[in-house]
2 protein chains.
Amino acid sequence: MFSKATEYALRATIYIARKSSEEHKLGIEEIAKAINSPKSFTAKILQKLTANNGIISSVRGPGGGFYLSSKAQKRPVRDILHVMEEDGVLGKCVLGLKKCSEAMPCPMHAEYKGIKQQLIQLFEHTTIQQLAHDADRIIPSNKQGRH
Amino acid sequence: MFSKATEYALRATIYIARKSSEEHKLGIEEIAKAINSPKSFTAKILQKLTANNGIISSVRGPGGGFYLSSKAQKRPVRDILHVMEEDGVLGKCVLGLKKCSEAMPCPMHAEYKGIKQQLIQLFEHTTIQQLAHDADRIIPSNKQGRH
DNA sequence: ATAATTAAGGACAAAAATATCCTTTATTTT
DNA sequence: AAAATAAAGGATATTTTTGTCCTTAATTAT
Ligand code: FES
Ligand code: FES
């Protein structure tokens, strides 16, 4: 569905959302290890998410690293996709026409558009925070401990 | 959504379904021109569809070319995807986990699985014939003429 | 100020996807 | 049988995506 780069972007952002705060930033080493991605490649992706749309925040130097502001936590997943995927699944035609549109629909369009709309809604309505919370539910972070 | 190769496979198959018969086969030149794809690359794809699963039929030599048997016309689109996409969107996890599954779900899984199921159903239930017919409806082939 | 730390950024490398070209094989027509 | 036609298949080239490495810049601690 997405490129490797986008997958890493999503996984990294979710991880950062779960584990970081303005007081506790995370290094690229830890992040890449945690989400099982190539370190330097992931670094570039985080740069992109930091520069292009301010989804991720970063600080250099000792004690520095990456974190998500609480404002960024509330942003929809689609903001990540928007930075990462030039056009992406959302705008593309199943059969590869230049553009998926009503004006020039391919023979799959009528049946596909509803599904596409659901995908768009999903990414629009799901926030980073929600994913982070869900991830915690599935694979509890060990922050809280086990009483 | 799909690779270029898969897009060409779908477009080519639909075109062949619309325009060919066992009595009137189509050459690679015509097909590639019609669907706006690189000729030799498309040739390889048709080879694959001919060899791997018998979706497309071919005959060499003068009067030869590609065509779809009426039996092949009734096959689901998913048969094309199965030949073209090693694993494909249908099996992959949104966040890039090795496998999209209930056993090891990512935080997008619960919301995504319903949409994925719809996609699978769409490709399973839509036949090549239906797409060809729909294509004719949208962009009438000039076979029938204009009254 | 100097040293240490950590992200930013540029240059480069490897792998995969896409695309082209040329030779071979099967089939038909002459 | 020979020539012509059209797909099959192998080798190679190009482009894009993915991944690595090294230097630079910012920030903090000594
Ligand atoms: S035009 Fe092809 S999916 Fe919309
Ligand atoms: S496990 Fe990620 S989408 Fe199913």
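Within every chain, numbering begins at 1; the chains are lettered A, B, ... in the order of the sequence lines, protein sequences first and strands thereafter.
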Subject >> 4.5 Å side-chain heavy-atom contact, H125(B) and Q130(B) >> reply: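 No, side chains not in contact.
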In this structure, how many angstroms lie between the [atom2] atom of [N] and the [atom1] atom of [X], rounded?
X: I45(B); N: dA17(C); atom1: CD1; atom2: C1'; result: 11 Å
X: Q47(B); N: dC22(C); atom1: CD; atom2: P; result: 17 Å
X: E85(B); N: dA17(C); atom1: CD; atom2: C1'; result: 12 Å
X: M84(B); N: dA16(C); atom1: CE; atom2: P; result: 17 Å
X: K48(A); N: dG10(C); atom1: NZ; atom2: C1'; result: 16 Å
X: E30(B); N: dT5(D); atom1: CD; atom2: P; result: 17 Å
X: E7(B); N: dT18(C); atom1: CD; atom2: P; result: 9 Å
X: I16(B); N: dA6(D); atom1: CD1; atom2: C1'; result: 14 Å

Original post:
So what does L26(B) touch, heavy atoms closer than 4.0 Å: a base, only the sugar-phosphate, or nothing?
Top reply: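 It contacts sugar-phosphate atoms only.
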**OP:** Would you classify I28(A) as touching base, sugar-phosphate or nothing, given that sugar-phosphate means primed atoms plus P, OP1 and OP2, and contacts are heavy atoms under 4.0 Å?
**Re:**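 Answer is sugar-phosphate: I28(A) comes under 4.0 Å of backbone atoms only.
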Heavy atoms only: give me the nearest [X]-[Y] pair and the separation to one decimal.
X: S20(B); Y: Y67(B); answer: OG-CA, 3.2 Å
X: P107(A); Y: D134(B); answer: O-OD2, 3.4 Å
X: K25(B); Y: E22(B); answer: NZ-O, 3.3 Å
X: A17(B); Y: A132(B); answer: CB-CB, 3.8 Å
X: Y8(A); Y: I35(A); answer: O-CD1, 3.8 Å

Original post:
Between T127(B) and Q73(B), is any side-chain donor less than 3.5 angstrom from a side-chain acceptor?
Top reply: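 Side chains of T127(B) and Q73(B): no pair found under 3.5 Å.
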Original post:
What string of B, S and - do you get for nucleotides 14-25 of chain D, 5' to 3', when a contact is any protein heavy atom under 4.0 Å?
Top reply: ----SBBB---B
Subject >> Under the side-chain contact (heavy atoms from CB on, under 4.5 Å) test, residues paired with K116(A) that sit two or more places apart >> reply: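 Partners of K116(A) under the side-chain contact (heavy atoms from CB on, under 4.5 Å) test: C100(A), Y112(A), I120(A).
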Subject >> Over 12 non-hydrogen atoms of neighbours within 6.0 angstrom of CD in E85(B) >> reply: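 It does: E85(B) CD has more than 12 such atoms within range.
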Original post:
For S58(A) and dA8(C), is the shortest distance between a side-chain N/O and OP1 or OP2 below 4.0 Å?
Top reply: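 Checking dA8(C) against S58(A), a side-chain N or O does come within under 4.0 Å of OP1 or OP2.
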Original post:
Residues from residues 63-71 of chain B sitting under 4.0 Å of DNA chain D, heavy atoms only?
Top reply: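 Hits under 4.0 Å, by residue number: G65(B), F66(B).
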